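Below you'll find the structure, written out as structure tokens, and then a few comments.
Letters A, B, ... mirror the listed sequences (proteins, then strands); counts begin at 1. Owing to the predicted nature of the structure, the values given are computational and were not obtained by experimental measurement.
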Amino acid sequence: MGGLRRLVGPPAEIAERLRREVRDRVHLPITVGVARTKFLAKVASGVAKPDGLLVVAPDAELAFLHPLPVERLWGVGPVTAAKLRERRIRTVGEVARLGEAALVSLLGAGAGRHLHALAHNRDPRAVQVGRRRGSMGAQHALGRTPHASTELDAILAGLVDRVSRRMRAAGRSGRTVVLRLRFGDYTRATRSHTVGKATADTTPLLAAARALLRTALPEIDRRGVTLIGVSVGNLDDNPVQPELPFQPDSGSDLDAAVDAVRDRFGSAALTRAVLLGREPGVEMPLLPD
DNA sequence: TCTGGGGTCCTAGGACCC
DNA sequence: TCTGGGGTCCTAGGACCC
């Protein structure tokens with residue numbers, strides 16, 4: 001809001017105008033929080049939901065913040081809340097009074113210092129716009145029925161296909177392939193592999209994902225699997241390095257051709273044979289007689 | 001409250017380098 | 001050749017957010 005007061009008006013007025021314009025233009029209710037720090041503005045919007053507006057004046061910050069339950073602090077989820085509850089700490093004010101050293105010994109250096117600062121509304125972060133994604137992924141929940149490993153391979157191929165296409169559309173390439181699994185007992189595991197050269201080609205990404213899946217197969221056979229996911233991290237900001245044409249091991253020409261067809265005729269127009277009839281939305285085309 | 005789908009950040013151990 | 005000190009990268013798990 002800095003510098004806008006004389007141009008547009010006080011923050012509360014800007015917030016009200018924002019709400020009005022969103023309502024008029026897209027017919028959706030929104031909630032706006034206004035405060036001196038980014039963190040407190042977020043808390044205020046959470047408290048004011050739904051369809052509300054809450055302005056926390058600078059001289060009323062701690063009076064507003066300290067009675068709230070610890071779960072309102074950014075970074076306190078079920079696990080941290082339970083740890084705090086064991087120490088009879090239920091409100092933000094009680095966190096603030098606990099002191100940094102005690103919080104660090106309870107939660108570790110990172111989380112402890114972080115929560116101590118937030119409980120005193122110390123948050124020096126500036127507003128950032130246009131932050132780039134660090135990873136791109138896709139996942140698929142499988143339900144409780146057991147799946148044969150051939151089925152898993154087909155699902156994996158579909159996931160890699162989706163992710164790599166999004167990467168190419170965004171002009172990103174990545175080096176680390178992460179396989180995410182959830183087993184029959186709902187515990188999770190990840191397997192990752194980092195390659196030397198960033199890529200957005202389906203073929204090498206799928207090969208890496210398949211290798212990871214193979215290492216996990218014994219575990220899957222024993223416990224069953226309820227979710228499978230793939231994500232690619234270590235994303236490169238640089239545009240994908242173009243390959244020399246006609247390299248035998250490169251799938252970029254194929255990917256480019258597939259992308260072009262799908263851009264024009266829709267994502268169901270072309271698919272991997274292994275996926276035919278499996279994925280919802282990917283159906284066998286109706287052929288004319 | 002749970003599930004599903006998409007993400008980020010932190011921590012810790014191990015391998016490796018100088 | 002070994003030890004100590006400092007650092008990076010990779011892998012895996014876990015907590016959390018929307």
Side-chain angles (χ1 to χ4, degrees), chain A residues 28-33 38-43 45-50 69-86 95 103-118 123 125 128 130-145 147 155-156 158-167 169-170 172 174-198 208-209 211-216 219-220 223 225-236 267 279-281:
Chain A
L28 288 174
I30 68 164
T31 296
V32 179
K38 206 154 92 168
F39 154 72
L40 197 61
K42 177 79 172 82
V43 171
S45 84
V47 168
K49 278 177 201 293
V70 287
E71 286 86 352
R72 290 285 184 186
L73 290 174
W74 213 92
V76 176
V79 175
T80 306
K83 281 186 196 167
L84 291 170
R85 217 171 18 247
E86 277 175 27
V95 172
L103 276 171
V104 166
S105 81
L106 186 64
L107 305 172
R113 279 201 280 269
H114 171 245
L115 290 192
H116 183 256
L118 292 188
D123 175 21
R125 296 173 304 155
Q128 265 186 304
R131 199 157 170 262
R132 303 209 79 184
R133 233 183 261 300
S135 69
M136 294 176 107
Q139 59 186 51
H140 186 64
L142 301 170
R144 304 282 336 212
T145 41
H147 287 257
I155 293 164
L156 191 70
L159 292 171
V160 171
D161 195 56
R162 256 158 66 194
V163 172
S164 65
R165 181 164 189 242
R166 278 170 52 208
M167 290 172 64
R172 311 290 299 275
R175 288 178 53 225
T176 304
V177 178
V178 182
L179 176 71
R180 184 184 311 276
L181 296 169
R182 192 182 62 195
F183 298 109
D185 57 4
Y186 276 71
T187 57
R188 296 152 193 278
T190 60
R191 297 284 178 276
S192 69
H193 180 67
T194 301
V195 298
K197 203 182 94 201
L212 291 170
L213 182 63
R214 272 197 300 277
T215 69
E219 188 79 356
I220 292 171
R223 307 164 67 189
V225 63
T226 56
L227 178 141
I228 181 166
V230 175
S231 76
V232 180
N234 255 321
L235 290 190
D236 218 326
S267 57
E279 290 228 317

Seminar exercise, completed: Heavy-atom closest pair (Val47(A) atom, Arg72(A) atom, distance to 0.1 Å) is N-NH1, 3.7 Å
For this session: Starting at atom OH of Tyr186(A), determine the distance to atom P of dC2(B), rounded to an integer number of angstrom.
Result: 12 Å
Seminar exercise, completed: Of Gly108(A) and Ser231(A), the one whose closest nucleotide on DNA chain B sits nearer the 5' end is Ser231(A)
Problem set entry | Atom pair distance, as rounded to whole Å: CZ in Phe183(A) and P in dA12(C) | 12 Å
For this session: Send over the distance from Arg175(A) CZ to dT8(C) P, rounded to a whole Å.
Result: 15 Å
Exercise. How close or far is atom C1' of dT8(B) from atom CZ of Arg132(A), stated in whole angstroms?
Worked result: 16 Å
For this session: Please state how far atom CG in Leu212(A) lies from atom C1' in dC10(C), giving the value in whole angstrom units.
Result: 13 Å
For this session: Check the distance between dG5(B)'s C1' and Leu159(A)'s CG and give it to me in whole angstrom.
Result: 11 Å
Exercise. Among dG6(B), dC10(C), dT8(B), which is the nearest nucleotide to the side chain of Ser135(A)?
Worked result: dT8(B)
For this session: For the side chain of Ala109(A), starting at C-beta, report the closest nucleotide among dG4(B), dT11(B), dC10(C).
Result: dT11(B)
For this session: Report, as a single string ordered 5' to 3', how protein heavy atoms within less than 4.0 Å touch nucleotides 13-18 of chain C: B base, S sugar-phosphate only, - not at all.
Result: S-SSSS
Exercise. More than 12 non-hydrogen atoms from neighbouring residues, nucleotides or ligands closer than 6.0 Å to CZ on Arg166(A), yes or no?
Worked result: yes
Exercise. Between dC10(C), dG7(B), dG4(B), which nucleotide has the shortest distance from any of its atoms to the side chain of Arg182(A)?
Worked result: dG4(B)
Problem set entry | Heavy-atom side-chain contact between Leu181(A) and Leu227(A) under 4.5 Å | no
Exercise. Does a nitrogen or oxygen in the side chain of Ser192(A) sit under 4.0 Å from OP1 or OP2 of dA12(C)?
Worked result: yes
Problem set entry | Complementary nucleotide for dC18(C) - Watson-Crick or wobble, under 3.5 Å | dG5(B)
